[in-house]
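Structure record follows, encoded as structure tokens.
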Amino acid sequence: MAKVELRGVGKVYDGAVRAVDNANIVVEDKEFVVLVGPSGCGKSTTLRMIAGLEDITEGELLIDSELMNDVPPKDRNIAMVFQNYALYPHMTVYENMSFGLRIKKVNKDEIDRRVHEAAHILDIEKFLERKPKALSGGQRQRVAVGRAIVRKPKVFLFDEPLSNLDAKLRIQMRAEISSLHHRLDATMIYVTHDQVEAMTMADKIVVYKDGKIQQTGSPLHLYNYPGNKFVAGFIGSPPMNFLTVTVLEENGALTLGAGNFKLKVSTEHTEYLKKYVNKDVYLGIRPEDLSFSADAGAPDIIPLTISVVEPLGADTTLWLNTKTQSIVARTDPSYTFKIGEAVNFIPNMEKARYFDKETELAILPMQQQLPQQLPDIGMGI
Ligand code: ADP
């Protein structure tokens, strides 16, 4: 059992810099939770407070319901894997992996058994007698993970562990860590600025901005029901498009107007957009929810001009402009598009998301927002 709870946790450095504000997170036993957000938003500070490497300024940290605020790091039964591997250069892989156990005076046979078991899981048995400098970046990161595994911790913490690896190796290691999570059946908390890592690895994602948690939920919940414009734009690549549109009422039906185009609001969204009639809102449309229309006279089209074409093979990304705004669309690669061409796209209005211009909170019906919202930050519900 290893459940981690943060209750109103905050961190102020040197009495001046507020790095984390009122973090409430529940990491269930065996869960893989990813803390994600742009650089400097307080993710690593949160992780370091869990590890005991930073003091907690406010709030409570509990592991398996026991208060940990003042428990020294070595007694928290946690292992951390760092971005820079933090291996001892003068020690062999075997010595690096066994170091923590030797300090704890675990007996030699047990150490040997655990090191070989971890090395086998990570496929690094043949490197046990090498020094770190004779290993590739990926192999070093495996040793760092191995050093965590041998300790049989209650909780694994990962701080941007893949950032120093090249793109291909990152994808491979990402899958390896996910698979490790299933094999070890362990509680894991993982920090990254990369939303793709968050989406692909997490059971639960916690999105941070400026030291504050913006939203918590499963990857698909956050993707489909972002609680605010920041989360909507951060999760998903290419990111969600935001168009400023005016909500208009015509014969009881709602439309969205923006200069040279007009779109019908889908019926399930009408009810909660009513209070925005004659006001501007952000219309959020994901790139994959825009489809090319060869018919310039079709209803609900957005007239656009192509500014960049990026053929990716499986699909093509188009960068497009309305008269005043920019849009990204992900399209079928079988069409041939040219830069400067005038084209029309139809947004899937059922999948549209709306955000308040002032607060940037989602304008969504409550039932869609519910299961995984945080109660304390007023996510537009
Ligand atoms: P992230 O991991 O999301 O990139 P951090 O948790 O490292 O962000 O940092 C959050 C904020 O706290 C940043 O503004 C950073 O400059 C500040 N910070 C981090 N460590 C210290 C420190 N030791 N002293 C003062 N400020 C710090």
Side-chain angles (χ1 to χ4, degrees), residues 4-27 31-61 63 68-70 72-73 76 78-86 141 144-145 148 155-165 170 173-174 177 187-202 204-217 219 222 226-237 239 360 374 376-377 379:
V4 180
E5 277 177 88
L6 278 73
R7 296 187 183 158
V9 166
K11 174 74 185 178
V12 180
Y13 283 110
D14 310 323
V17 182
R18 175 163 285 286
V20 177
D21 188 12
N22 190 25
N24 291 289
I25 303 173
V26 179
V27 182
E31 205 172 24
F32 195 121
V33 170
V34 176
L35 314 183
V36 71
S39 178
C41 67
K43 316 176 289 287
S44 296
T45 300
T46 304
L47 204 69
R48 293 170 64 82
M49 286 193 284
I50 297 170
L53 302 175
E54 296 288 353
D55 290 338
I56 295 171
T57 313
E58 302 139 359
E60 293 181 337
L61 167 71
I63 299 179
M68 286 287 134
N69 290 44
D70 299 318
R76 292 190 187 190
I78 275 176
M80 187 149 163
V81 178
F82 298 89
Q83 177 180 350
N84 61 5
Y85 322 131
Q141 193 51 282
V145 173
V155 184
F156 285 84
L157 306 180
F158 294 89
D159 192 0
E160 303 253 10
L162 309 185
S163 296
N164 288 350
L165 306 179
R170 253 197 329 260
M173 285 297 286
R174 194 168 84 196
I177 293 176
T187 305
M188 294 187 171
I189 309 176
Y190 186 106
V191 159
T192 179
H193 61 273
D194 180 350
Q195 64 88 26
V196 177
E197 274 178 29
M199 289 294 282
T200 50
M201 298 171 91
K204 186 157 82 190
I205 298 177
V206 182
V207 183
Y208 272 72
K209 182 192 171 208
D210 298 338
K212 289 197 176 73
I213 294 175
Q214 303 293 302
Q215 194 174 5
T216 301
L222 297 196
N228 63 23
K229 185 169 172 263
F230 176 80
V231 175
F234 192 78
I235 300 286
S237 175
E360 301 199 344
L374 286 177
D376 60 326
I377 44 170
M379 297 303 315

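Counting convention: from 1, in listed order, for ligands and their atoms alike. Heavy-atom basis, side chains included; hydrogens, waters and symmetry copies ignored.
- With a 6.0 Å radius and a threshold of 12 heavy atoms from other residues, nucleotides or ligands, Asn84 has its CG atom above the threshold.
- In this structure, Ile25 and Ile213 have side chains that are in contact, with non-hydrogen atoms separated by less than 4.5 Å.
- Side-chain contact, Glu60 with Asn69: no donor N or O sits under 3.5 Å from an acceptor N or O.
- The 4.0 Å heavy-atom shell around ligand 1 contains residues Tyr13, Ala19, Pro38, Ser39, Gly40, Cys41, Gly42, Lys43, Ser44, Thr45, ordered by chain and number.
- No side-chain donor-acceptor contact under 3.5 Å links Tyr190 and Glu160.
- Side chains of Gln215 and Asn228: no donor on one and acceptor on the other come within 3.5 Å.
- Residues Thr45 and Tyr13 have side chains that bring a donor and an acceptor to within less than 3.5 angstrom of each other.
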